[in-house]
Amino acid sequence: MTEQAEKSEKNRYKDTVLLPKTDFPMKAGLQQREPELQKHWAETRLYERIRAARKGAPAWVLHDGPPYANGDAHTGTGMNKTLKDMVVKFRTMQGFDSPYVPGWDCHGLPIEHNVLKDLGGKKPDNMTSVRLRELCLDYANSYVDKQRAQFKTLGVLGRWEDPYLTTSPVYEANVLRVFADLFARGFITRAKRPVHWSWAAQSALAEAELEYEDRTDPSVYVRFPVSSCGKDCKFRDHVEALPEAGSIWDTLALLIWTTTPWTLPANVAVAASESAEYVLVAYRRAGGEKLEHLVVAGELLKTVSEKARLRDVRVLKTFAGVDLKGVGYNHPFLDTACPVVFADYVTLSDGTGLVHTAPGHGKEDFETGRREKLPVVCPVDEAGRFFTGERLRKELQLAPTFEDSRGWLEMLQGQNVLKANPLIVEKLRAEGWLLHDEPVHHSYPHCWRTHQPVIFRVTEQWFIRIDHVDPDRAFNPQGKTLRQRLLDEIARTQWFPAWGEKRISAMIENRPDWCISRQRFWGIPIPAFADAQSGEVCLDASTLEHVIGVVEQHGSNAWYDDRNWPVEKLLPDDVRPKQFKGRKLVKMNDIFDVWFESGASHRSVMLADPELRDKFPAGMYLEGDDQHRGWFQVSLILSVATQGRSPFKQCLTSAFVVDEKGEKGSKSKGNIWAIDKGCADLGADLIRYYFASVNTSEPIPVTYALIQGAGEGYRKLRNTFRALVGNLFDFDPARDAVAYDRLLPLDRWALSQTARVIAEVTAAWERYEFHAAMRALGDFANVTLSAQYVDVCKDRLYCESATGLSRRSAQTAYWIIADVLTRLLAPVLVHSVEDMWRHLPRVAGSPDSPHLAAWPKAEAKVDAELDARFELFFKLKAETDRVLDRMRKDKQIGKGYDATVALAPDETLAGELTALGKPEALAAELAEVLNVSGVSIGPGGAGFEAAQALKGLSLRVSVCDRPACARCYRRTGDVGGVSAHATLCKRCAGVVGDRA
RNA sequence: GCGCCGGUAGCUCAGCUGGUUAGAGCACACGCCUGAUAAGCGUGAGGUCGGCGGUUCGAGUCCGCCCCGGCGCACCA
């Protein structure tokens, strides 16, 4: 036959071949399609319809951790919302009632900071606090609106029109109720303690608000002159026993070391180790001839003398630290008499073994000071400056007789502490106290907002007592401390990844009491009053209840609105404790730590919102793993203390978003972008697909290039679905679906594989290992479907009788698989699955959106016997494919139908094959699977080659020169058997019949 | 300093309680098909499983030490 004749024969039968047909586009056009679908969801009220459909079902609530209402929603927050949406959609499809109420954290320093910046750095004198707070509220609300719009572009479904805001009066009132409960149970205390203090933000900071950054500080070695020795002082005996005792006393000093010279004015003691070994040494300074003496830890003498380049160093006496008991020294520039004390934290890893102790500026120092009854000196104001004038003298607790003859006070007053560092060092040097100084690099806590170093400062603050034992036995039957109860609850909670439990446990085990007060405007006031004269604090259950009522009605602005809410109205006599009736009171100025607010969301949202209040505790909290020390921890503390249990049953964390270099995202580096822009440029589904595909428990690189790269995987899934649905153009499941028992073995195998994937994907989702689910789906689409199943089914679907069993059988499997694929992808590819769903033939009564559909169940479709059968077949295929490829490269054949295959199994393999079917049928089935024109099974011989991976097999592939069927291209050997269709094989002639 | 996690093909990762020749996807090379077509199929190349030592008949898998990366905690007086 000529080439042209061949062509015309093909054309003659072209229309009888049932080629795939679908409008489902290969190209997603996400950028255009997604906004359309989002609009459609809004118009058809999809979220509300889901709520209605799940009404009364078991609840499974993911409680939203509120993002901060400031700045753009970027990749990190976008990922967080995406993961939450995936979990919510998964649980919804599983049949749970899973409402999603998003929230925003609207109070706090950063907003106040930005508003003040717009006002020129500080509150104008003529502006009321209420006005400032209104500006802050406007600012926060504008970002709520902005971020809400940004999150919606990701296709996240939720109660966007009615979110929770920490600024709403109801929210605020419930925060106060948490405080009232804590107060009633005895957890609240007001005390003077050292706290981390940001002088730049002028506020106390919580642990979670610290960031450690590298910094260079002066490291100084300072001589503190020994001035006295108590009566039974062993050290005195040591000195007196030496012949040169007299001259020693004149030049003797304790050598201390510090990297914060600015704390030296607050020095009140030197701490030594009782057990360490100290030495009394004589030496000369690098540039001097005078003999001097000092005390230092023996182990550190060498380092110190080398650093300070001391000469003629001679150890006069070695003794135990405890012998220093009773030694006193004179503060080098304030002349106060100070003692040597002992502390077990004194180590010999750095410094001199003699620790400069300033209880006003260090936590351990403070504890030592309390134990040793040392004065607490804290001469630094809230802005990090030394006090001035009389106030400075007072704070330094100087003797009235002290004369500032050397100009120390003059120099320090009003000085920022960090700027004071070099001044102090230079003056110490000039006066001869300094033995050595050098710059030291170390990590140092910084304020997370201002990025300025923080200082320790003793102030009066409100605290939650972590080791308090709630006396209410109904609530705390075993009389445990809050800390212990927190650890108990942590153990009862499921943590994903599992190491989260260790992490948060360690934090709870070690954490100090929680300082909940802040000295700012933009927050919820701690509703305490004080006597205008004495400062005595007025606070009890009834004052709290009354103020809470006012706040719930009028918002927390009432506290700041002195005109409308003077103290007499805010706290009328009849709600005051007896002793405060009629007295002049003032409102106290502290606000709550914002972490207290967001940590109270279990009360303000989960237990207060009409839609959620019967669903406490939440099924899950899901945030970045930094929230172990943030929101998770504070939520846990407040809920365990006031509700007696963890506010969440599961806690899932993700790692941080980084750039391709592994660096943390930041706006200034430009490696972070607004999520709505990402959606517009790349498509929300692609971004979602990427987030679902990566291991979120390790730092997650997010760049355009990486997300675009993930497009391969997305397109493969899409095209595989398209291949399936393209073959369902004439399939109506109600009419054409074939019962499972009548399905062809290959189709039942495909369903068995599908069942396995459902099980695997579901298990991965239950562990929240989304990337494992996406991998399973990717492998399923790539290998099981695309390379194996779909390829083998083509002949049946294209060429068999349209309504015959073998075609309908394949279509039935295709339909089920396409449906399962759509559902398994629904939580991730939220937009794409809508289009998939629309192109999928559906039975009457099925929902109009996949998000209303049910999660697939594996049921009992796994068939191990079939799986084994086809596993063997596909192994045979791998062997023949290798040989076929060689022949293609030799230009002997083109497509597989140009060849036939002879298989020569050894005895064992032959036995296996025999068990799988009668020789005739088996050969035909294998020809189909191998995509060749014929298979024979028999003994081997010349031209056979050994298989590579399959034991016991030899095979021979031959060029098949039988004529090809013009319709199905197979060279079956029976072409022309039907005279009306001389160019067709018998099968095709039968199918075509009279039609062509 | 202590602890946790990770280090398997160019990239992203699978490899459960130790057991035949270490796998997959992407990318790459070559080829086929042109009836999934800005698709699809096949074949191939590519790995001292971070390094060293040990236990074992046998180690990517267990143990010890070390190196690298990330994180947490502590210290930073």
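Proteins come first, then strands; the chains are lettered A, B, ... in the order of their sequence lines, and each starts at number 1.
- Distance check on atom P: B:C11 versus B:A74 gives 36 Å, rounded to whole Å.
- A 6.0 Å sphere centred on CG of A:Asp23 holds no more than 12 heavy atoms belonging to other residues, nucleotides or ligands.
- A:Ile700 has its CD1 atom 11 Å from the P atom of B:C13, to the nearest Å.
- Side-chain proximity of A:Arg882 to B:A14, B:U43, B:G35: nearest is B:U43.
- Below the 3.5 angstrom threshold, one finds no donor paired with an acceptor across the side chain of A:Thr22 and the base of B:A36.
- Look at CG on A:Leu785: it is 13 Å from P on B:G40, rounded to the nearest Å.
- Between the side chain of A:Tyr221 and the backbone N or O of A:Gly351 there is no donor-acceptor pair closer than 3.5 Å.
- Between A:Tyr789 atom OH and B:C41 atom P there is a gap of 16 Å when expressed in whole angstrom units.
- Using a 4.5 Å cut-off on side-chain heavy atoms (C-beta onward), A:Val222 and A:Leu255 make no contact.
- Between the C1' atom of B:G72 and the CG atom of A:Asp625 lies a distance of 9 Å, rounded to the nearest Å.
- Each of B:G25, B:G35, B:C41 was ranked by its minimum atom distance to the side chain of A:Val17; first place goes to B:G35.
- Residue A:Arg967 is classed as a base contact, given a heavy-atom separation below 4.0 Å to a base.
- When heavy atoms are screened at a 4.0 angstrom cut-off, A:Ala506 is found touching no nucleic acid atom at all.
- The side-chain hydrogen bond (donor to acceptor under 3.5 Å, both in side chains) test applied to A:Arg483 returns A:Asp467, not counting sequence neighbours.
- With rounding to whole Å, A:Leu706 atom CG is found 17 Å from B:C26 atom P.
- Applying the 4.0 Å criterion to OP1 and OP2 of B:G40, one finds that A:Asn782 has every side-chain N and O outside that range.
- A stacking contact links A:Tyr969 to B:G35: the aromatic ring centre lies within less than 5.5 Å of the base's six-membered ring centre, and the planes differ by less than 30°.
- Scanning both residues, A:Cys985 and A:Arg970, for their nearest heavy atoms gives SG-NH2, 4.1 Å.
- For the P atoms, the distance linking B:G18 with B:A39 amounts to 45 Å, nearest Å.
- One P atom belongs to B:A9, the other to B:G47, and the distance between them is 10 Å to the nearest Å.
- Between A:Arg503 and B:G3 there is no side-chain polar atom (N or O) within less than 4.0 angstrom of OP1 or OP2.
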Distances under 3.5 Å between nitrogen or oxygen atoms of protein and nucleotides 28-31 of chain B:
from: B:C30; atom 1: O2; to: A:Lys889; atom 2: NZ; distance (Å): 3.0
from: B:G31; atom 1: O3'; to: A:Lys891; atom 2: NZ; distance (Å): 3.3

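- In this structure, A:Tyr444 does not reach the B:C75 phosphate: none of its side-chain N or O atoms is under 4.0 Å from OP1 or OP2.
- Atom name P, nucleotides B:C62 and B:G7: the rounded distance is 11 Å, in whole Å.
- Comparing the P positions of B:A22 and B:C49 gives an interatomic distance of 11 Å, to the nearest angstrom.
- Distances from the side chain of A:Glu712 to the nucleotides B:C26, B:U43, B:C73 place B:C26 closest.
- Taking only side-chain nitrogens and oxygens, A:Lys895 comes nearer than 4.0 Å to OP1 or OP2 of B:U34.
- At least one side-chain heavy atom of A:Leu254 sits less than 4.5 Å from a side-chain heavy atom of A:Val340.
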Output a table of donor-acceptor pairs, distance under 3.5 Å, between side-chain atoms of residues 355-362 of chain A and any protein atom two or more places apart or on a different chain; print 'none' if there are none.
from: A:His356; atom 1: ND1; to: A:Asn267; atom 2: ND2; distance (Å): 2.7
from: A:His356; atom 1: NE2; to: A:Thr263; atom 2: OG1; distance (Å): 2.7
from: A:Thr357; atom 1: OG1; to: A:Val355; atom 2: O; distance (Å): 3.0
from: A:His361; atom 1: ND1; to: A:Phe456; atom 2: O; distance (Å): 2.8

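- Nearer to the 5' terminus of RNA chain B, by closest-nucleotide assignment, is the contact made by A:Gly709 (compared with the other of A:Pro20 and A:Gly709).
- Between A:Met774 atom CE and B:G25 atom C1' there is a gap of 13 Å when expressed in whole angstrom units.
- A distance of about 15 Å separates the P atoms of B:G1 and B:C65, rounded to the whole Å.
- The shortest distance between the side-chain N/O atoms of A:Ser786 and the OP1/OP2 oxygens of B:A36 is not below 4.0 Å.
- Residue A:Lys502 places no side-chain N or O under 4.0 Å from the OP1 or OP2 atom of B:G72.
- A donor-acceptor contact shorter than 3.5 Å links the side chain of A:Glu879 to the backbone of A:Gln948.
- For A:Tyr278 (side chain) and A:Gly353 (main-chain N/O), a donor-acceptor pair under 3.5 Å exists by modelled atom type.
- The interatomic distance linking A:Met507 (CE) with B:C71 (C1') rounds to 10 Å, in whole Å.
- Of the residues A:Arg967, A:Arg987, A:Lys794, A:Arg807, the one that meets the salt bridge (Lys or Arg N to Asp or Glu O under 4.0 Å) test with A:Glu800 is A:Arg987.
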* To do: Apply the test ring pair (Phe, Tyr, Trp, His ring centres under 6.0 Å) to residues A:Phe496 and A:Tyr768: give CA-CA distance (whole Å), side-chain angles for both, the deciding distance (0.1 Å), then the verdict.
  => CA-CA 8 Å; A:Phe496 303 90; A:Tyr768 306 107; 5.0 Å; yes

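- A donor-acceptor pair shorter than 3.5 Å cannot be found between the side chains of A:Arg886 and A:Gln892.
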* Structure fact -> With both pairing distances under 3.5 angstrom for Watson-Crick or G-U wobble, and | for a partner in another strand, the correct string for RNA chain B is (((((((..((((.....[...)))).(((((.......))))).....(((((..]....))))))))))))....

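- Contact check of residues 719-730 of chain A against RNA chain B (heavy atom, cut-off under 4.0 Å) returns A:Asn719, A:Thr720, A:Arg722, A:Ala723.
- Applying the salt bridge (charged side-chain N to carboxylate O under 4.0 Å, His left out) test to every pair with at least one member in residues 706-718 of chain A, sequence neighbours left out, gives these pairs: A:Glu712-A:Arg715.
- Spacing of P atoms, B:C4 relative to B:G23, comes out at 33 Å, to the nearest Å.
- Looking at heavy-atom distances under 4.0 Å, A:Arg775 makes contact with a base.
- Sequence order on RNA chain B of the closest nucleotides to A:Asp795 and A:Gly896 puts A:Gly896 first from the 5' end.
- Heavy atoms of other residues, nucleotides or ligands lying less than 6.0 angstrom from CD of A:Glu438 number more than 12.
- Taking the side chain of A:Lys14 as heavy atoms from C-beta on, and the options B:G35, B:C41, B:G44, the nearest nucleotide is B:G35.
- Checked by atom type, the side-chain pair A:Glu769/A:His771 shows no donor-acceptor distance below 3.5 Å.
- Among the atoms of the strands shown, none is found under 4.0 Å from any heavy atom of A:Gly351.
- To the nearest whole angstrom, the two P atoms, one in B:C33 and one in B:G6, are 48 Å apart.
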